[in-house]
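Nothing fancy with the numbering, it's 1 onward along the sequence.
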Amino acid sequence: MTVLKGLIIKLIMTTFILTIIFTLFFGFSLGTTLFLSLIFTFIAYLGDLYIMPRIGTTLATITDFPLAFLGLAILARVLFPIESTPWLPSFLAALLITSGEFFFHPYLLRKLKKRNLGRY
């Protein structure tokens with residue numbers, strides 16, 4: 001249940017941020033933004049579960065920005081029917097996601113340690 005709860009929290013945070021940035025500010029379709037949120041959240045959460053406990057919350061948060069920026073830019077370029085890569089929305093969303101991860105990583109690490117999930 002801990003893993004599922006963490007995934008849901010991350011999905012809500014990511015969907016909220018991407019909807020504001022991509023859909024409201026930059027006019028991308030809501031359906032595609034939601035699909036982008038699902039794919040990005042799943043990939044990022046796998047990193048949170050398997051990499052973050054080994055490298056720590058600080059380093060994981062620092063590496064989240066470039067990974068989120070590039071990951072969102074590449075995924076958005078593939079998913080959205082546009083001619084150029086959406087660098088600005090990806091950059092803004094990565095800033096906000098990294099800010100959220102600053103609070104999410106310690107929470108998730110505490111929950112995983114409490115449940116003794118993974119190697120620490």
Side-chain angles (χ1 to χ4, degrees):
M1 193 64 176
T2 298
V3 173
L4 182 59
K5 186 177 178 184
L7 178 63
I8 291 170
I9 291 169
K10 188 173 185 91
L11 178 62
I12 290 169
M13 177 185 71
T14 303
T15 302
F16 181 74
I17 291 168
L18 294 184
T19 301
I20 289 171
I21 300 294
F22 280 91
T23 302
L24 296 179
F25 288 145
F26 289 92
F28 294 101
S29 73
L30 180 61
T32 308
T33 302
L34 294 176
F35 187 60
L36 175 65
S37 296
L38 283 172
I39 293 173
F40 178 77
T41 300
F42 180 73
I43 293 169
Y45 194 65
L46 289 176
D48 286 346
L49 287 178
Y50 297 107
I51 298 170
M52 188 262 304
R54 290 167 178 79
I55 65 173
T57 58
T58 303
L59 185 57
T61 303
I62 291 168
T63 58
D64 268 343
F65 177 75
L67 293 175
F69 174 55
L70 292 174
L72 286 171
I74 292 168
L75 283 173
R77 176 66 176 103
V78 170
L79 294 176
F80 293 124
I82 55 177
E83 294 181 13
S84 64
T85 304
W87 295 113
L88 182 58
S90 299
F91 178 80
L92 296 173
L95 281 175
L96 293 175
I97 288 171
T98 301
S99 299
E101 296 289 344
F102 178 78
F103 299 101
F104 179 71
H105 285 162
Y107 161 81
L108 183 62
L109 192 58
R110 277 193 314 274
K111 293 296 184 181
L112 292 176
K113 284 184 178 180
K114 185 177 179 181
R115 298 286 184 185
N116 198 20
L117 297 172
R119 296 181 186 147
Y120 305 104

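- Closest approach of Thr14 and Ser37 over heavy atoms only: O-OG, 4.1 Å.
- Aromatic ring pairs are classed by plane angle as parallel below 30°, tilted from 30° to 60° and perpendicular above 60°; the pair Phe65 and Phe91 is perpendicular.
- At least one side-chain heavy atom of Ile97 sits under 4.5 Å from a side-chain heavy atom of Phe40.
- The two residues Arg77 and Ile82 come nearest to each other via the heavy atoms NH1-O, 2.7 Å.
- Of all the heavy atoms in Val3 and Leu49, the pair that sits closest is CG1-CD1, 3.8 Å.
- Dense packing is recorded around OH of Tyr107, with more than 12 heavy atoms of other residues, nucleotides or ligands lying under 6.0 Å away.
- With sequence neighbours left out, the side-chain hydrogen bond (donor to acceptor under 3.5 Å, both in side chains) criterion links Thr19 to no other residue.
- Between Pro89 and Ile21, the shortest heavy-atom contact is O-CG2, 3.4 Å.
- In this structure, Thr32 and Ser29 approach most closely via the heavy-atom pair OG1-OG, 2.8 Å.
- Contact annotation: the side chain of Thr63 never approaches that of Ile51 to less than 4.5 Å [non-hydrogen atoms, C-beta and beyond].
- A salt bridge (Lys or Arg N to Asp or Glu O under 4.0 Å) with Asp48 holds for exactly one of Lys10, Arg54, Lys111; it is Lys10.
- In the hydrophobic clustering of this structure, Ile12 does not group with Ile17; members are Ile, Leu, Val, Met, Phe, Trp, Tyr whose side-chain heavy atoms approach within less than 4.5 Å, directly or through other members.
- Side-chain contact between Thr98 and Phe69 is absent, with no heavy atoms from C-beta onward closer than 4.5 Å.
- When every heavy atom of Gly6 is checked against every heavy atom of Leu108, the shortest pair comes out as CA-CD1, 4.5 Å.
- In this structure, the separation between CG on Leu72 and CG on Leu67 is 10.5 Å, given to the nearest 0.5 Å.
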